[in-house]
Visitor: 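Sending over a structure as structure tokens; questions will come in a sec.
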Amino acid sequence: MAALEAKSFDSPDETRPFAGHGEVQVVNVNGRAITRGTFEPGWKWSNDLQPIAGTDSCQTRHFGYVVSGRMKVVMDDGAEVEMGPGEVGSIEPGHDAEVVGDEPCVFVDFGDVAQYAKG
């Protein structure tokens with residue numbers, strides 16, 4: 001018999017605040033963490049999460065969907081992309097990121113996020 005499980009970000013299993021400018025909500029479904037991050041204007045990984053992660057750049061693999069707002073991602077090698085509403089992105093470890101504009105960026109992440117923003 002197949003197992004069914006559904007959860008809502010309206011009652012997350014965990015909420016992880018950033019050092020500033022937002023938070024990530026975590027739901028665990030079938031043993032896998034899925035996050036919904038709200039990245040407020042002014043958020044930048046190297047300012048708001050580097051103190052939590054303790055690494056030079058983000059070492060999390062992300063695979064997700066931009067619900068609203070815009071995010072610019074810059075890889076350690078200089079490659080960059082800007083993502084906006086309705087776009088799906090795959091981001092390998094070794095990057096920095098920042099919100100573009102004055103609207104919060106909401107990003108649902110199905111990547112390797114079990115430890116993301118966990119202090």
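None of the values given here were measured: they were computed from a predicted structure.
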Visitor: Are there over 12 heavy-atom neighbours, none belonging to Phe9, within less than 6.0 Å of that residue's CZ?
Guide: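 Yes, enclosed.
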Visitor: Could you go step by step and tell me if Tyr65 and Phe110 meet the ring-ring contact (aromatic ring centres under 6.0 Å, His included) rule?
Guide: CA-CA 9 Å; Tyr65 174 77; Phe110 298 89; 8.9 Å; no
Visitor: Would you sort out whether Arg36 and Val24 count as a side chain to side chain contact (heavy atoms under 4.5 Å, CB included), showing the intermediate values?
Guide: CA-CA 6 Å; Arg36 178 176 68 182; Val24 66; 6.0 Å; no
Visitor: Taking a hydrophobic cluster as the set of Ile, Leu, Val, Met, Phe, Trp and Tyr residues connected by side-chain heavy atoms closer than 4.5 Å, whether directly or through intermediates, do Val66 and Met75 fall within one such cluster?
Guide: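 The answer is yes; both residues are in one hydrophobic cluster.
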Visitor: Quick one: does any side-chain atom of Asp48 pair with a main-chain N or O of Ala19 as donor and acceptor, under 3.5 Å?
Guide: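 Here the side-chain-to-backbone pair does not exist.
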Visitor: Stepwise, does the salt bridge (Lys or Arg N to Asp or Glu O under 4.0 Å) test hold for Arg16 with Glu23?
Guide: CA-CA 6 Å; Arg16 301 174 188 162; Glu23 66 182 18; over 6 Å; no
Visitor: With sequence neighbours excluded, what pairs up with His95 under the ring-ring contact (aromatic ring centres under 6.0 Å, His included) test?
Guide: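 In terms of ring-ring contact (aromatic ring centres under 6.0 Å, His included), with neighbours along the sequence ignored, His95 is linked to His62.
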Visitor: Report yes or no: does Glu5 contribute a side-chain atom to a donor-acceptor pair with the main-chain N or O of Asn30 at less than 3.5 Å?
Guide: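 Such a contact is found between Glu5 side chain and Asn30 backbone.
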Visitor: Would Thr35 and Val108 count as a side chain to side chain contact (heavy atoms under 4.5 Å, CB included) here? Give the steps.
Guide: CA-CA 6 Å; Thr35 61; Val108 177; over 6 Å; no
Visitor: Which side chain to side chain donor-acceptor pair (under 3.5 Å) pairs, counting each pair once, include a residue from residues 71-86, with sequence neighbours left out?
Guide: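 Only Ser57-Asp76, Arg70-Glu82 qualify under side chain to side chain donor-acceptor pair (under 3.5 Å).
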Visitor: Using only atom types and a distance under 3.5 Å, with no angle test, would you say the side chain of Arg32 pairs donor to acceptor with the backbone of Val27?
Guide: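 No, Arg32 side chain to Val27 backbone: no donor-acceptor pair under 3.5 Å.
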Visitor: Rounded to the nearest 0.5 Å, how far does CG of Asn28 lie from CD1 of Ile34?
Guide: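 Ile34 CD1 to Asn28 CG: 8.0 Å, rounded to 0.5 Å.
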Visitor: Looking at Gln50 and Asn47, would you say the former's side chain and the latter's main chain have a donor-acceptor pair under 3.5 Å?
Guide: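 Judged by distance alone, no pair lies under 3.5 Å.
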